[in-house]
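Just follow the structure's listing: the first ligand is 1, and inside any ligand the first atom is 1.
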Amino acid sequence: MLVRIKEMLEQVEHLTANSAEDIEALRIKYLSKKGEITALMNDFRNVPAEQKKEVGIKINELKQRAMEIINDLKQSVAQTDTEEADIDITRTAYPIQLGTRHPLTIVKNEIIDIFSRLGFSLAEGPEVEDDWHVFSSMNFAEDHPARDMQDTFFVEAHPDIILRTHTSSVQARVMERQQPPIRVICPGRVYRNEAISARAHCFFHQVEGLYVDKEVSFTDLMQVLLLFAKEMFGEDTKIRMRPSYFPFTEPSAEMDVSCTLCKGKGCNMCKGSGWLEILGCGMVHPNVLELNGIDPTKYKGYAFGMGIERIANLKYQVKDLRLFSENDERFLKEFEAAN
Ligand code: DAH
């Protein structure tokens, strides 16, 4: 009997289990009613009286030990189970969601795409500019009231250094380093000292266009802008030109497109007129060519400038300009499909 107990203790000490089922099988094998340890205990009555005390102690120790070991196995299996259960199933699933392009980037890329198909290449200039490139080279006389048309941010220590108020400054940057033919579009951020509201902001974005060559006419300008409007707002879009004034163009015009919402019938967005203003344009003023090193007796040019926010508003009916710079994900996500 003592030998059997010793052997079984040896077995029990080396038990292993990988799952709750394994453990239950062990429990049944050793400790259940028909289990091996229970069988030993049942045999106890056949043990001679003089050995009963010692055998009794050993059997109890064996049973005790078997219970302990099975319990320990249970614990370690349960622990591995909870390690698996520790995975946070509420965490964002892979693959992590990609961001969306900003609506202004979407519109800017579309404008660039349309004009690059017409042979325009991209040009950029600095946002912190000097007075020459923003005003003087664009034919704003020193005391010209037109300078007051735009509220300028000045860099305090340098009265000559300003934040550009329009991308027309890039026209000058291009002309000073390149002779015609010139065909560029210049997207960029501009700054004006305005109180922030739903309709105005202290910074916004523009795209400037400049074309300089030997034979350039106002009709060329209109054709290119008509094509742009159709590509941007749809094939049946119409355009019209209204006379205007800019120091850097002569003649100057403002261009309207037929209302993108009511298609020209008249609605709230176009205030019943059927037309929406989208850009300024004109023939490059001979003074501007001359100031920037291009011979106005040989060359002519046209130019135009539009606000990207304005175009985005007309395409997507964004009512409040501030939404463009607040980075509210709910707003940005609305443009997922346009990406
Ligand atoms: N610079 C003008 C503005 O900021 C826009 C503009 C008008 C640009 C006419 C041009 C142009 O190139 O020809 O309001």
Atoms in ligand 1 flagged as close to Gly282, the criterion being non-hydrogen separation under 4.0 Å: 13 (O)
Atoms of ligand 1 close to Ala303 [distance to a heavy atom under 4.0 angstrom, numbered from 1]: 12 (O), 13 (O)
Atoms in ligand 1 with a heavy atom of Gln171 nearer than 4.0 Å: 12 (O)
Part of Cys281 within contact of ligand 1 (heavy atoms, under 4.0 Å): backbone
Residue pair Thr249 / Ala303: nearest heavy atoms and the distance that separates them: CG2-CB, 4.5 Å
Under 4.0 Å to a heavy atom of Gly280 - the qualifying atoms of ligand 1, by number: 7 (C), 9 (C), 11 (C)
Lys/Arg-Asp/Glu bridge criterion (N-O < 4.0 Å) met for Lys300, Asp213: no
Residue portion contacting ligand 1 (non-hydrogen atoms closer than 4.0 Å) for Phe304: backbone
Nearest candidate to atom 4 (O) of ligand 1, where distance is taken over non-hydrogen atoms, out of Glu250, Arg192, His285: Arg192
Atom indices of ligand 1 within 4.0 angstrom of Ser168 heavy atoms, with elements: 1 (N), 8 (C)
Distance (rounded to the nearest 0.5 Å) between Phe246 CZ and Cys281 SG: 7.5 Å
Phe248/His166 aromatic ring centres below 6.0 Å: yes
Numbered atoms of ligand 1 (with element) below 4.0 Å of Thr249, judged on heavy atoms: 13 (O)
is_close_aromatic(Tyr316, Phe335), centroid dist under 6.0 Å: yes
Heavy-atom closest pair, residues Ser168 and Met138: O-SD, 3.6 Å
Heavy-atom pair with the smallest gap, counting every atom of Leu2 and Lys58: CD2-CG, 3.9 Å
Per atom 11 (C) of ligand 1, closest listed option by heavy atom (Phe248, Phe204, Tyr245): Phe248
Atoms of ligand 1, numbered as shown, that sit under 4.0 Å from any heavy atom of Gln206: 3 (C), 4 (O)
Aromatic ring pairing Phe153/Tyr191, orientation class (parallel under 30°, perpendicular over 60°, tilted between): perpendicular
